[in-house]
Structures are given as structure tokens and as C-alpha cells.
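Below is one structure, written out as C-alpha cells; the observations come after it.
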Amino acid sequence: MEMKGREIKSGVRWVGAIDWDRRLFDELIPLPDGTSYNAYLIEGGEKIALIDTVDPTKEQELITNLKDSRVERVDYIVSNHAEQDHSGAIPRMLELYPMARVVTNTKCASFLKDLLLIPDDKFLVVKDGETLSLGNKTLKFILTPWVHWPETMVTYLVEDKILFSCDFFGSHLATSSLFAEEGEKLLEGAKRYYAEIMMPFRTVIRKNIEKLSGLKIDIIAPSHGPVYKNPAFIIDAYREWISDKVKNEVVLPYVSMHGSTERMVSYFVELLIERGITVKPFNLTKSDIGELAMALVDTATVVIGTPMVLAGAHPSAVYATYLVNALRPKLKFVSIIGSYGWGGKFVEQLKELLSGINAEFIELVIIKGYPENEDFKALERLADEILKKHKELV
Ligand code: FEO
């Protein structure tokens, strides 16, 4: 068989799809740089395996790539993860290659049965550490749960030392380059991906990286974004993100209706800058939530700014606070600043929304109306307190 196309190594090829135009994932996550769904074809001496598939919207591109590769048959479809952007084309693959078996772990098989109605007899279920020979190439399956679903696993191609990591180490980045071009753009795409998808599982990621540390890995081939010929680039970035280290930073998501909270925020930003603290304000009516998520990866402190609306926090502040809680950043300190007109409660409401965050609440600055001298002084005390707390971290 002659194999053409985007070759990674002899007998190993990218056959996925690039989604240049996609701007939203899970109807939630902004994708300013698009994404890709990487599927890989491995031709062994005896068997042919497809590693993951593509989003169903890109099914035809996968089929075209397989045709261009002159594939006569596929023996195994390895499913590292049941989410549909990788598994959604499996039913179509099974129609095209009816003799193929879906190779995955017990939990993933169960999900695929539920989500895609794949029948029982189509599966070849493997255990953690089990291998599958393709002839002169061997696949090893390693369970890496919760990166980012409970069934996630990675596949290691033993002879070529390639790790097919699916979402793990991925980046939402559409690029015509098969291999990673290391630099800020790639790092940002990978960090955005980590922040939005992986950050809530920081502790388990650490365990999974340790689990993989015994493998000699020459290439990491994730299922989103480019392929890494230098695995240390992305592994080192992950080690930094999952570490307990935080930066001397304040992330400040805020919203203001009539300018009172905005004035507090602008004054507070200046105070932080004067004290040598990096500050990242996010006006929630104008900000990309993904940028906010990225900023949360290594900040020491979050300060939420909100006015009172209908006896509670502004809905945009509620949404941002909910996201902070859901993304579980490693931040150490939280505070709230804001203004109200006549009454209501938002401190209790926002504190409750942050119940999953293991951070210390420091002095809050909640004022009535437009800020006056004593309110500015309160903001100065808060800035001083943050500086003191950050210094204690070093
Ligand atoms: Fe790329 Fe969890 O799917």
C-alpha cells in the first residue's frame, strides 16, 4: 500500500481535519484561532489502526484523507476519549470499515454506547497498560482518567515513541503546520486550552504526567493543534501551570452600570500598579471569557467588581464568578469591590458561588453610591493588604 499525505513518521500519518472557522466550543468556549480534530493512521505490517476520528461536521474530510491515503481497510479504531469532537465520526467509520473494532477501555466503551449507540459487538476492550500488535508496530494503552473526562486514555506507539494524547497537551489552534512552531502563539493556544478544559483537573493532571514519565516520548501527537517534536516544550509548560506557584498578579473581572464601580476599579488598578503588582482588569461586557480563564491560570488573587442589581450582583459578575469557581484556579486570595444604590446583598451571594475555591477572603470594599475619599482609602487598604499577602507567599 502506498501511503501519502501528512506523514509524521514512516507508516504514521495525520488524517484529521482543520476547523479554521470554528469560534465557539461546547457553545461556551471562545476559539479565536479555530481548532483542529487530529486523527492519525498507523499502518503496521499486519494491521491498520486509526487513532481517534473527527468532529461529525468534518467527517467528510476524514473520509477524503483516508481515500487519499489509499486505505483499503481499517482494522482498529482507537478511541482515546468519548467526546464527540473525536468520537463523532466512529459510526461512519464503522459503516465504511465494517470489520473494524473500536479499541478502548471499559468506561469509554460504555460512554460510546450511550452517546453514539455503537453496538456491544463492535468493541475490543483493553485494560490499563495492555498492548495491541499491528505487526511491526505496537500500541500501548495507558489510562489517564480526568484529562478531562473520567474515561480518557492515551495511546503510545512503542517502536516510534509517539504519544497520542487526545485532549491532553492539546491546543485550540488551526494551523497548516503539522508540527509545532514553538513560540508565543502556540504557547497561548495551549494555555488557553489548558485554562478552559484542563485547569479544574490540575491535581489529577500531575498524577497522569507522573504516570507517563516512565515512557520515552519522542513525539506528542494530541488531537487538537500541532504535533510536538519537542515534547518538553508542552510538558514543561504543563508542569508550570499545574504547579502550586502563583504570580504577583490580580485578576479583576468587573462590570459597572453607571460608573461608580468603574471608578473604583480604575483607581484600584492604579494602586496595584504603584505597588508593583501586575493587574489584569476584564470589563465583562467586552471581554473574551477565554482570556479571563487564561489569566486565572497563575494569578495569586482575584478581585471581583460589581454593582448591585435587583438585590444581588450584576448577572455578568455572577457568570464570571461561577466560571472562576468551576475552573478551580490555584489562586490564594479573593476579594470583592462594588457599589450599591440603596440595598441588597451580593457579598454572600458571590461568596457562596465561590464555595469550591480554596482561597482566603480578604478585606472587601463595598460602598454606597459614587466613591468618596473614605472609599478610596478603603481601596488603598485593600491594595496594601494584597501586597502584604503576596509578599508572604515568596
Ligand atoms: Fe477534544 Fe474533550 O474533546
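Each ligand, and each atom within it, is numbered from 1 in the order the structure gives.
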* To do: Please determine if atom 1 (Fe) of ligand 1 has an N/O/S atom from Asp167 lying under 2.8 Å away.
  =>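 It does: Asp167 brings an N, O or S atom closer than 2.8 Å to atom 1 (Fe) of ligand 1.
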* Please determine if atom 1 (Fe) of ligand 1 has an N/O/S atom from His86 lying under 2.8 Å away. =>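 Yes, since at least one N, O or S atom of His86 sits under 2.8 Å from atom 1 (Fe) of ligand 1.
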* Phe376 and Tyr267 aromatic ring geometry - parallel, tilted or perpendicular at 30°/60° bounds ->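 Tilted: the ring planes of Tyr267 and Phe376 meet at 30° to 60°.
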* With atom 1 (Fe) of ligand 1 at the centre, find the angle made by OD2 from Asp85 and NE2 from His224, to 10°. =>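 Vertex at atom 1 (Fe) of ligand 1: approximately 80°.
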* Hey, is there an N, O or S on Cys166 sitting under 2.8 Å from atom 2 (Fe) of ligand 1? ->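 No, since none of the N, O or S atoms of Cys166 sits under 2.8 Å from atom 2 (Fe) of ligand 1.
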* Asked: What's the verdict on ring pair (Phe, Tyr, Trp, His ring centres under 6.0 Å) for Tyr228 and Phe169, showing C-alpha distance, side-chain angles and the deciding distance?
  -> CA-CA 9 Å; Tyr228 294 93; Phe169 305 121; 7.9 Å; no
* Asked: Around Lys107, counting heavy atoms of other residues, nucleotides and ligands shown, do more than 12 lie under 6.0 Å from its NZ?
  ->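 Counting other residues, nucleotides and ligands, NZ of Lys107 stays at 12 neighbours or fewer.
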* With respect to atom 2 (Fe) of ligand 1, what is the nearest N, O or S atom of Glu83? ->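 Minimum-distance N/O/S atom of Glu83 relative to atom 2 (Fe) of ligand 1 is OE1.
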* **SB check Arg22 Asp85 (cutoff 4.0 Å)** =>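 Salt bridge between Arg22 and Asp85, a charged N being under 4.0 Å from a carboxylate O: no.
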* Working for ring pair (Phe, Tyr, Trp, His ring centres under 6.0 Å), residues Phe164 and Tyr40 -> CA-CA 9 Å; Phe164 298 96; Tyr40 301 94; 5.1 Å; yes
